[in-house]
Every structure is written in structure tokens, then in C-alpha cells.
Number of protein chains: 2
Amino acid sequence: MAELRHLRYFLAVAEELNFTRAAERLRIAQPPLSRQIRDLEGDIGAPLFDRGTHPLRLTEAGQFLREEARELLASFDRALEGAGRIGTRNAGWIGIGFVESAMYGFLPKILGRFRQQHPEIEINLTEMSADQQLIALRDRRIHVGFLRPHIETDEFEQEVVQFDTLAIALQSTHPLATAESVTLDLLEREPFVAYGGRLRPNFCDYLRRLCRDAGIKLQVAMQVDQPETALGAVAAGYGISLVPQSLAGQGREGVVIKPISDRPPPHPLMALYRRNEPSPVFQDLLTIVRTNNCASPS
Amino acid sequence: MAELRHLRYFLAVAEELNFTRAAERLRIAQPPLSRQIRDLEGDIGAPLFDRGTHPLRLTEAGQFLREEARELLASFDRALEGAGRIGTRNAGWIGIGFVESAMYGFLPKILGRFRQQHPEIEINLTEMSADQQLIALRDRRIHVGFLRPHIETDEFEQEVVQFDTLAIALQSTHPLATAESVTLDLLEREPFVAYGGRLRPNFCDYLRRLCRDAGIKLQVAMQVDQPETALGAVAAGYGISLVPQSLAGQGREGVVIKPISDRPPPHPLMALYRRNEPSPVFQDLLTIVRTNNCASPS
DNA sequence: GTTCGGCCATATCATTAAGGTATCAAATCA
DNA sequence: TGATTTGATACCTTAATGATATGGCCGAAC
């Protein structure tokens with residue numbers, strides 16, 4: 001089984017581009033180094049170096065692994081050091097689960113402020129889907145999850161931390177492209193660019209439920225995976241689509257994003273956490289999240 | 001030296017909360033498992049389990065390490081598999097360096113589209129400062145870097161990929177808080193919340209240079225590390241500050257962000273890459289970055 | 001073209017460290 | 001308190017890492 005040693009050795013060779021010098025640097029002899037690299041290559045199933053050239057050259061796979069190896073070794077050290085700090089200084093840690101879209105501005109901001117208040121607290125950040133967050137909360141593997149609706153649970157505390165609404169994306173040549181806003185029933189009268197459930201099952205479900213509740217029957221013209229891709233499809237004239245209003249700020253050629261005047265569907269970011277979490281550090285995090293002041297409809 | 005084996009073993013115990021069962025799962029005997037855990041704890045310098053309780057319990061450090069270990073082991077496998085795919089299918093990889101603020105919407109969007117076009121390409125993402133990006137480009141450790149000015153180099157190709165301007169943040173009780181826009185010379189007449197060079201030396205330098213070029217003398221009232229923190233300081237009445245216009249969308253209580261009418265200072269996101277990069281995959285990435293259509297002043 | 005030197009691979013031996021067995025001590029539970 | 005579960009200790013075995021010796025290949029220099 002491959003071990004970190006293999007990466008350490010590989011990295012030495014990748015940096016020296018010379019087995020002999022790398023071996024010296026590692027304080028081992030050259031033959032065992034050759035064997036370890038060979039073992040690693042066997043494990044990977046592909047060569048990492050172009051042999052027979054002077055100087056030695058990394059293959060594409062080797063170049064990739066060199067970067068990954070750096071990152072991995074650094075992360076490993078950080079993890080052990082972090083655990084050590086927590087254990088010795090009796091510091092703490094906070095585990096955070098989040099859906100990808102929470103990374104679009106919200107989380108970096110929160111984390112920046114939190115780190116400033118609590119530089120001694122180790123933070124474990126893991127991107128996970130909404131249902132993975134539920135499981136992780138139950139297992140106490142994270143302290144808080146950030147997700148989009150629709151979760152129906154009273155097992156955990158839940159609160160809105162950032163408010164967004166859905167808006168309608170139109171091709172810029174559309175008759176309504178110059179209107180101030182549009183109404184929701186426009187969705188029934190135009191072909192629709194829908195979301196497949198593959199990448200964002202929750203967002204997809206949410207839209208489905210929304211349309212059912214509003215009594216809207218969509219004419220699905222195309223399926224895409226992400227709101228950004230939907231914008232592309234709209235620009236290309238496949239139809240209209242529903243996207244988060246916040247995407248309007250980005251401005252994309254061929255598309256306009258119009259607010260919905262009658263019943264704008266909400267698209268909030270939620271925080272989910274266990275009731276009665278005692279940790280004062282966690283309470284501080286919640287305070288930061290709340291004073292972020294994005295929790296009111298715009 | 002600590003190895004992945006230690007993490008694998010630790011994870012088994014952490015999940016079973018029982019050395020004997022964990023050993024069975026790992027297909028080894030219990031005593032060597034105990035020893036490996038002890039070695040790991042020695043390396044870390046803190047206990048990972050509360051011994052002497054039934055059932056076994058993880059210490060805080062142990063809980064943290066459990067999450068980190070999961071992540072690390074998964075990353076390790078991903079890295080080896082990725083390298084294998086590159087080597088066998090003759091696929092490729094793209095290395096991307098980026099400053100933190102590129103993560104605020106820009107990069108996730110680009111990556112989403114790129115992954116869709118090239119699911120077979122491995123992506124190595126590394127957050128690094130602007131000067132680290134320069135070094136990494138030279139070392140061919142990344143193919144492209146995303147950074148904020150000010151970099152003066154003709155060693156690499158450079159282009160604007162997202163345009164933003166700086167705006168002035170005022171306390172919402174400020175007389176000008178209701179104005180449409182303000183002028184740059186307001187900076188001279190009010191105490192200023194400035195940026196220390198610790199976290200974002202480039203941004204800090206950029207502001208300094210900007211003020212010097214515009215002939216503006218700031219009255220620095222406070223130093224903060226990040227624009228978000230600056231907003232907090234402004235809300236608290238320490239003074240006014242310069243922040244990216246894009247922060248205006250987030251809305252924060254006690255602060256208004258006003259565009260600068262006379263000479264709005266640009267704050268673009270740049271892409272930096274080697275000239276004559278032949279890879280067609282890389283060219284595709286550039287195309288996606290360019291058709292992102294955020295490169296024109298708003 | 002031939003030779004020399006650098007460099008990596010292979011083969012074999014030595015040593016270290018991981019894994020196994022037997023046993024003990026401590027905590028839990030009846 | 002005695003039986004049982006469970007982790008720690010001591011000691012031995014085995015496997016894998018590391019060292020030494022050597023050979024072959026490639027490139028550079030004469």
C-alpha cells in the first residue's frame with residue numbers, strides 16, 4: 001500500500017531531477033530510492049519519470065503528482081500540528097460542512113472574521129451535499145452545516161443566514177428583456193432550461209417543488225447541471241431559466257436577469273446545527289454569522 | 001516519522017471506538033494496533049482517545065484529527081488515481097494558482113464550466129499569493145495564476161478577466177450616505193480605515209500607490225487586515241474606507257458603499273500565464289475565462 | 001569511433017520496524 | 001466480588017526498508 005514515504009521520496013526526486021542527489025538529500029542510498037519510486041509507479045499504474053533522458057524529466061502524470069504531493073504533505077503536517085495544538089493548549093476546533101454555493105462570498109467572509117477573533121481554533125472545512133451535512137451533524141463530525149433548502153427537520157436548529165431570491169434569465173433579444181421585472185407565470189409560456197439532479201439534487205428538487213406548489217407546468221427544453229450553464233443555454237436561445245438573483249451582478253453577454261415582481265421565490269442559505277451546542281467558540285461563530293446581516297430580504 | 005498507515009489505523013479505531021474490533025477490521029492483531037496509535041499520539045504530542053472509559057471516547061484533538069484524516073486519505077487516493085488517469089489515458093492536467101478573492105464567485109464559475117467541457121482533465125488548485133504565483137509559473141508548477149494587481153512583468157502574458165472598481169464605504173449616518181456617488185477627494189477629509197500588509201500585501205501596496213499617484217494624503221485612523229473587517233470598522237464609526245465595489249451587493253448594516261464618480265480606481269482580477277502555452281486544453285480554459293464576459297468596466 | 005564518467009537498475013544481504021502470541025491489569029457488569 | 005471485556009506490555013517472528021556491490025546504458029569528450 002502506498003504511503004507518505006513514497007510521496008516524500010518522489011518529491012525529492014522530482015525536485016532534484018536526479019535519483020542520486022535525491023537519495024543523498026533523503027539520507028538513504030540510491031537503489032532503495034529507485035525501488036520505492038518503482039513501487040509507487042506500480043501502484044499508480046503509470047510511469048512518473050521519462051527515463052533515459054538526461055536530465056531526467058517528469059511525465060505529465062509526474063508533474064501533476066508533484067503538485068498534489070506538495071499539497072498532501074503540507075496538509076498532513078498541518079493536520080498533525082493542529083491536533084497537537086488542540087490537545088496540548090486545550091484549544092478547540094470547529095467543523096463546518098457547506099454546499100459549494102456557500103463558497104461564493106459567504107463563507108470566505110465569515111471565516112475571515114472568525115479566524116481573526118479565534119486564531120487558536122482549528123477549522124475543518126468540508127464541502128458536502130445537504131444530506132451528507134445531516135449525517136455529519138448526527139455523527140458530530142461537523143458543528144454546523146450551510147445549505148440551501150429544502151430540508152424539513154426539527155432534529156436540528158435551522159436559521160436563514162443569507163437571503164437571495166430566484167430570478168428569471170432571458171435571452172437579451174427577448175421582448176421582455178427591457179422590462180423592469182417579469183411575473184412568475186412567464187415560465188409557463190416559454191421553453192425552460194431545467195436542472196438535472198446530478199450535481200445539485202437539492203436545488204433541482206427545490207425548483208420542482210416550487211413549480212408544483214405554484215401550479216406551473218414547465219416546458220423543459222434542455223437540462224443542465226448548474227445555474228451558470230443555464231445562463232449559457234439561455235444566451236444560446238434554448239429558452240428561459242430560473243437562477244439565483246445574485247448571479248445578476250456578474251453580467252453575461254446575451255442574457256439578462258429579471259427580478260420576479262409577483263411572487264419571487266426565496267433561495268436562502270441556511271445554517272443547520274445541533275440544539276444546545278454549549279461551546280462558547282461555536283456561539284461566537286453563530287454571532288458572526290448572524291451579524292453578517294444578509295438575512296433580510298433585499 | 002508518521003505515515004498514512006497511522007491515519008488509517010487511527011480512523012478505524014475512531015470509527016469503531018474499540019481497539020479490538022478495529023484491529024479485526026484492519027486484519028491485524030490488537031497489540032500492534034495499540035502500538036501504532038501510541039506512536040501516532042507520541043508524534044502529535046497529545047492523546048487522541050480518552051482511555052479508561054467504556055465505550056472509548058475521542059479527545060477534542062482526536063475528533064479533529066478524525067475529520068482531517070478522512071479528508072487526507074481521500075485526497076491521497078484522488079491524487080494517485082488522478083496521476084494514473086493522466087498517465088494511462090494520456091489525459092492532462094491544469095495547475096491553477098489563485099488569490100483568495102478569486103474564489104469569491106469567479107473561480108467556482110470558471111471551474112464548473114471547464115469541468116463540464118473537460119471532465120477527463122485533472123485540476124490542481126492552489127491558493128497562493130501573487131508572488132508565489134510568479135514563482136510557480138516560472139517553475140511550471142501552475143499553468144495560470146489569478147491575482148490582483150499590481151504586478152509589473154513582461155515575463156508572462158497578462159490579461160484582465162474580471163473588472164471591479166473600488167468604492168468608498170461610509171457609516172450610514174454620514175451626511176453623504178444618501179448621495180448617489182462621492183468623489184475621491186473625500187478620502188482626504190475623513191479619518192481612514194487602512195489595510196495592514198499582513199494578509200494582503202498586494203492590495204495594501206496597491207492602495208498606497210493609488211493614493212500617492214492621486215496625490216491624496218490619508219489620515220489613517222485604524223489598520224485592519226481585510227475589506228470585510230474594514231466594513232465593520234466603518235460601521236463602528238472609525239472612519240471611511242476603500243473597498244471593492246462588488247462588496248456593495250452583500251449589504252451590511254451601518255455601512256453604505258458609494259461609487260466614486262470622478263476617478264473610480266480599478267480593481268481588476270488578472271490572469272497570468274506563460275507565453276505560447278501550446279496545450280489546447282489550456283487554450284480552452286482561457287476561452288472560458290474570456291467568455292466569462294466580466295472583463296468590461298461596469 | 002572509442003573511452004570515460006555519470007546515472008539508474010538489478011541482485012543480494014543487513015537491519016529496522018511492523019505484525020503476531022501470550023499474558024497481565026484495569027474497568028465494567030452481573 | 002467474580003466473570004468478562006478490553007487495552008497495555010513483553011517478547012518473538014516476519015516482512016519490508018535500507019545498504020552494498022555491480023552491471024548496463026547513455027551522453028560527452030577526445
Considering just the side-chain nitrogens and oxygens of [X], establish if one lies under 4.0 Å of OP1 or OP2 belonging to [N].
| X | N | result |
| --- | --- | --- |
| B:Ser34 | D:dA8 | yes |
| B:Thr20 | D:dT5 | no |
| A:Arg35 | C:dA9 | no |
| A:Asn18 | C:dC8 | yes |

Q: Identify whether any heavy atom of A:Arg38 sits under 4.0 Å from a base atom; if not, whether one sits that close to sugar-phosphate; answer base, sugar-phosphate or nothing.
A: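 Sugar-phosphate, no base atom in range.
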Q: Could you check whether B:Gln36 gets within reach of a base, just the sugar-phosphate, or nothing at all, counting any heavy atom under 4.0 Å?
A: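 Answer is sugar-phosphate: B:Gln36 comes under 4.0 Å of backbone atoms only.
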Between [atom2] of [N] and [atom1] of [X], the distance in whole Å:
| X | N | atom1 | atom2 | answer |
| --- | --- | --- | --- | --- |
| A:Leu26 | D:dA19 | CG | P | 10 Å |
| A:Arg57 | D:dC26 | CZ | P | 15 Å |
| A:Asp39 | D:dA16 | CG | P | 10 Å |
| A:Ile37 | C:dA9 | CD1 | P | 9 Å |
| B:Phe49 | D:dT6 | CZ | P | 15 Å |
| A:His54 | C:dA9 | NE2 | C1' | 12 Å |
| B:Glu3 | C:dG19 | CD | P | 12 Å |
| A:Leu40 | D:dT17 | CG | P | 12 Å |

Nearest to the side chain of [X], heavy atoms from C-beta on, is which of [options]?
| X | options | answer |
| --- | --- | --- |
| A:Gln30 | C:dA9, D:dA10, D:dA19 | C:dA9 |
| B:Arg21 | D:dT20, D:dT6, D:dG7 | D:dT6 |
| A:Pro31 | D:dA21, C:dG19, D:dA19 | D:dA21 |
| A:Ile28 | D:dA8, D:dT6, D:dG18 | D:dG18 |

For [X] and [Y], does a side-chain donor sit closer than 3.5 Å to a side-chain acceptor?
| X | Y | answer |
| --- | --- | --- |
| B:Ser75 | B:Arg78 | yes |
| A:Gln30 | A:Ser34 | yes |
| A:Thr126 | A:Asn124 | yes |
| A:His6 | A:Asp39 | no |

Q: Would you please indicate if the ring centroids of A:Tyr273 and A:Phe146 are separated by under 6.0 Å?
A: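 Not under 6.0 Å, so no.
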Q | Aromatic contact, B:Tyr9 with B:Phe19 (centres under 6.0 Å) | A |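 Centroid distance B:Tyr9-B:Phe19: not below 6.0 Å, so no.
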Q: Could you identify which residues of residues 4-17 of chain B place a heavy atom less than 4.0 Å from some atom of DNA chain C, listed by residue number, or say none?
A: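 B:Arg5, B:Tyr9 - these, ordered by number, are the residues of the stretch whose heavy atoms sit under 4.0 Å from the strand.
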Q. Do other residues, nucleotides or ligands put more than 12 heavy atoms under 6.0 Å from A:Arg275 CZ?
A.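 Yes - once you tally the heavy atoms of other residues, nucleotides and ligands closer than 6.0 Å, there are more than 12.
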Q. Just wondering, more than 12 heavy atoms not from A:Arg21 lying within 6.0 Å of its CZ?
A.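 Counting other residues, nucleotides and ligands, CZ of A:Arg21 exceeds 12 neighbours.
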Q. Closer to the 5' end of DNA chain D via nearest nucleotide, is it A:Met1 or A:Thr53?
A.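 Checking each residue's closest nucleotide, the 5'-ward one belongs to A:Met1.
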